[in-house]
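Following: one structure in structure tokens, then a few remarks.
Predicted, not measured: the structure shown is a model, and the values here were computed from it.
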Amino acid sequence: MVTKQFRGPADQADLRRADSLAREIFSDVANKWALLIIEALGERTLRFSELRNEIEGISHKMLTQNLRMLERYGLLERTVHPTVPPRVEYTLTEPGQALRVTIDGLCDWTHRYLGHIESSRRRFDS
């Protein structure tokens, strides 16, 4: 997807504007797989297969796409070790760690209100 790039000071980036770079970043990073990858990495360094094992249900393709996107945004670092076969490891960068704090808050919120949300869904669906 190609969007117009925001031209101006970063403090004027408006998430509500369709042509905002902030919206593009938010849209990409706020998907379920990206959030789970960041949470799974935490303060660790993991290989591709270890990440795939940590995140139940993610396909090889989705993991690859999301890792590339997170690397593009500078949220994780990919290190290739010159071995046969090559060993590739992923670790969060400083901005990735900062985002992880927010994701941890979202996870805490989910755990705290899970019962309430389940009850509301049952009432709504009946």
Side-chain angles (χ1 to χ4, degrees):
M1 175 174 108
V2 176
T3 58
K4 292 181 182 177
Q5 299 300 307
F6 176 75
R7 305 281 185 222
D11 63 344
Q12 292 180 10
D14 186 348
L15 195 58
R16 295 165 294 185
R17 289 182 43 159
D19 65 346
S20 170
L21 177 58
R23 182 186 279 192
E24 182 180 343
I25 294 167
F26 183 81
S27 175
D28 287 346
V29 172
N31 79 69
K32 70 178 178 181
W33 297 124
L35 296 176
L36 291 171
I37 290 167
I38 292 168
E39 184 63 23
L41 278 171
E43 295 182 17
R44 305 180 292 172
T45 297
L46 295 175
R47 296 176 69 177
F48 185 93
S49 59
E50 293 170 325
L51 268 170
R52 195 173 60 222
N53 291 337
E54 287 276 327
I55 304 169
E56 188 173 319
I58 193 167
S59 69
H60 186 281
K61 178 182 175 182
M62 288 309 299
L63 182 55
T64 299
Q65 286 176 350
N66 278 275
L67 287 170
R68 287 179 182 163
M69 178 268 300
L70 292 169
E71 182 181 11
R72 179 175 182 241
Y73 285 129
L75 300 177
L76 66 78
E77 187 174 278
R78 178 179 182 262
T79 304
V80 180
H81 298 278
T83 59
V84 178
R87 190 175 89 233
V88 181
E89 296 177 329
Y90 299 90
T91 190
L92 293 178
T93 60
E94 183 180 336
Q97 287 290 346
L99 179 56
R100 185 173 156 255
V101 172
T102 300
I103 294 168
D104 286 346
L106 183 59
C107 290
D108 292 344
W109 175 87
T110 303
H111 288 276
R112 181 174 180 183
Y113 292 105
L114 190 61
H116 172 81
I117 293 168
E118 284 180 323
S119 298
S120 294
R121 286 173 56 171
R122 276 195 297 275
R123 280 193 310 276
F124 184 87
D125 293 343
S126 62

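Both Val80 and Leu51 sit in one connected hydrophobic cluster of ILVMFWY residues. Membership requires side-chain heavy atoms under 4.5 Å apart, directly or through other members. Under the 4.5 Å side-chain heavy-atom criterion for Ile, Leu, Val, Met, Phe, Trp and Tyr, Phe124 and Tyr113 are members of distinct hydrophobic clusters. No continuous path of hydrophobic side-chain contacts links Val101 to Leu41 [ILVMFWY only; heavy atoms under 4.5 Å].
Side-chain contact of Arg52 with Ser49: a donor-acceptor pair under 3.5 Å is absent, judged by distance alone.
Residues Thr45 and Thr79 have side chains not in contact (no heavy-atom distance under 4.5 Å, counting atoms from C-beta outward). Side-chain contact between Tyr90 and Leu76 is present, with heavy atoms from C-beta onward closer than 4.5 Å.
Distance check, rounded to the nearest 0.5 Å: CG of Asn66 to CD1 of Ile37 gives 4.5 Å. Separating the OG1 atom in Thr110 from the CD1 atom in Ile117 is a distance of 6.5 Å, to the nearest 0.5 Å. Rounding to the nearest 0.5 Å places CG of Asn53 at 11.5 Å from CZ of Arg47. Atom CG in Leu75 sits 12.0 Å away from atom OG1 in Thr91 (nearest 0.5 Å). Expressed to the nearest 0.5 Å, how far CZ of Arg78 lies from CG of Leu70 amounts to 13.0 Å. Atom CE of residue Met62 and atom CD1 of residue Ile55 lie 11.0 Å apart, to the nearest 0.5 angstrom.
Residues Leu92 and Ile38 come closest through the heavy atom pair CD1-O, 3.7 Å. Closest heavy-atom contact between Ala34 and Asp28: CB-O, 4.1 Å. A pairwise comparison of heavy atoms in Gly42 and Arg100 identifies CA-NE, 3.1 Å as the closest pair. The minimum heavy-atom distance between Ala30 and Leu35, with the atom names listed, is O-CD1, 4.1 Å. In terms of heavy atoms, His60 sits closest to Phe48 at CD2-CE2, 3.4 Å.
Summarising the local packing, CD of Glu118 is surrounded by more than 12 heavy atoms from other residues, nucleotides or ligands at distances under 6.0 Å. Sparse packing is recorded around NE2 of His116, with 12 or fewer heavy atoms of other residues, nucleotides or ligands lying under 6.0 Å away.
Arg44 pairs with exactly one of Glu50, Glu89, Glu54 by the salt bridge (charged side-chain N to carboxylate O under 4.0 Å, His left out) rule, that one being Glu54.
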